[in-house]
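Notes for the one structure printed next.
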Amino acid sequence: AQKITQTQPGMFVQEKEAVTLDCTYDTSDQSYGLFWYKQPSSGEMIFLIYQGSYDEQNATEGRYSLNFQKARKSANLVISASQLGDSAMYFCAMRDGSNFGNEKLTFGTGTRLTIIP
Amino acid sequence: DTEVTQTPKHLVMGMTNKKSLKCEQHMGHRAMYWYKQKAKKPPELMFVYSYEKLSINESVPSRFSPECPNSSLLNLHLHALQPEDSALYLCASSAGWLGGGPRRNEQFFGPGTRLTVL
């Protein structure tokens, strides 16, 4: 069974600093995908970044980068130059790559990030 | 248009009522999903439709009845709900399987319906 672990229930970070949100995963599959989503208080889940298990380069999307360490089964999200609008709940999620199209995401418990002005 | 819309935004219903949640996307996606999210918890998958056919049912009680009338629309029919069913219900869509190996296929989420069962 797949499992995602986010060990930081809450984090407080000064505006403009970089922040790393931790995510470790457990799977016996060779093919899988890792996602990070942001959920503001409004409720909508916003896709941030994706890393495929066969991707050799770490993913980057604007201010977001994913520190993917496959041997350690970790996929940490790095947000550079944090902004007040980054305050939200952040979920790490994993998709089983063997069931293409009918894809179940397994979510971690989330990290509540608060940016301090 | 990269938007998933959900109506209504808020819903309050009694345990004997019948109501429906609606979800719509116009991105040409062929997979659609219903999630339930309780406060301070991650979303839990309920149903997946792939090419308008139900492909995953995560052992959801029959008082929740999904329907996919066409590739753009997904409904969730509610009947005889319990107070513990109060939650945020999120709809999502993704491109679905187009052949070949694994690829991003990220899920796009709607804003959700906040359901309260009295």
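First the proteins, then the strands, lettered A, B, ... as listed; each starts at 1. Quick note: numbers below take in every heavy atom, side chains included, and nothing from hydrogens, waters or symmetry partners.
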Whether over 12 other heavy atoms sit under 6.0 Å from Glu56(A) CD: no
Met45(A) to Pro43(B) - nearest heavy-atom pair and separation: CE-CG, 3.8 Å
Exceeds 12 heavy-atom contacts within 6.0 angstrom, atom CD of Gln30(A): no
Gln39(A), part contacting chain B, at a heavy-atom distance under 4.5 Å: side chain
Part of Gln37(B) lying under 4.5 Å from any heavy atom of chain A: side chain
Polar side-chain atom of Tyr37(A) near backbone of Gln107(B) as donor-acceptor pair, under 3.5 Å: yes
Lys16(A) atom NZ, over 12 foreign heavy atoms within 6.0 Å: no
Residue among Asp55(A), Leu105(A), Thr106(A), Thr109(A) with most heavy-atom pairs under 4.5 Å to chain B: Leu105(A)
Segment of Glu44(B) engaging chain A (4.5 angstrom heavy-atom cut-off): neither
Validation row: Val48(B), Lys104(A) side chains within 4.5 angstrom (heavy atoms): no
Portion of Ile46(A) that has a non-hydrogen atom of chain B nearer than 4.5 angstrom: neither
Within-4.5 Å side-chain heavy-atom neighbours: Asn105(B) and Arg95(A): yes
Any side-chain heavy-atom pair of Phe47(A) and Glu106(B) under 4.5 Å: yes
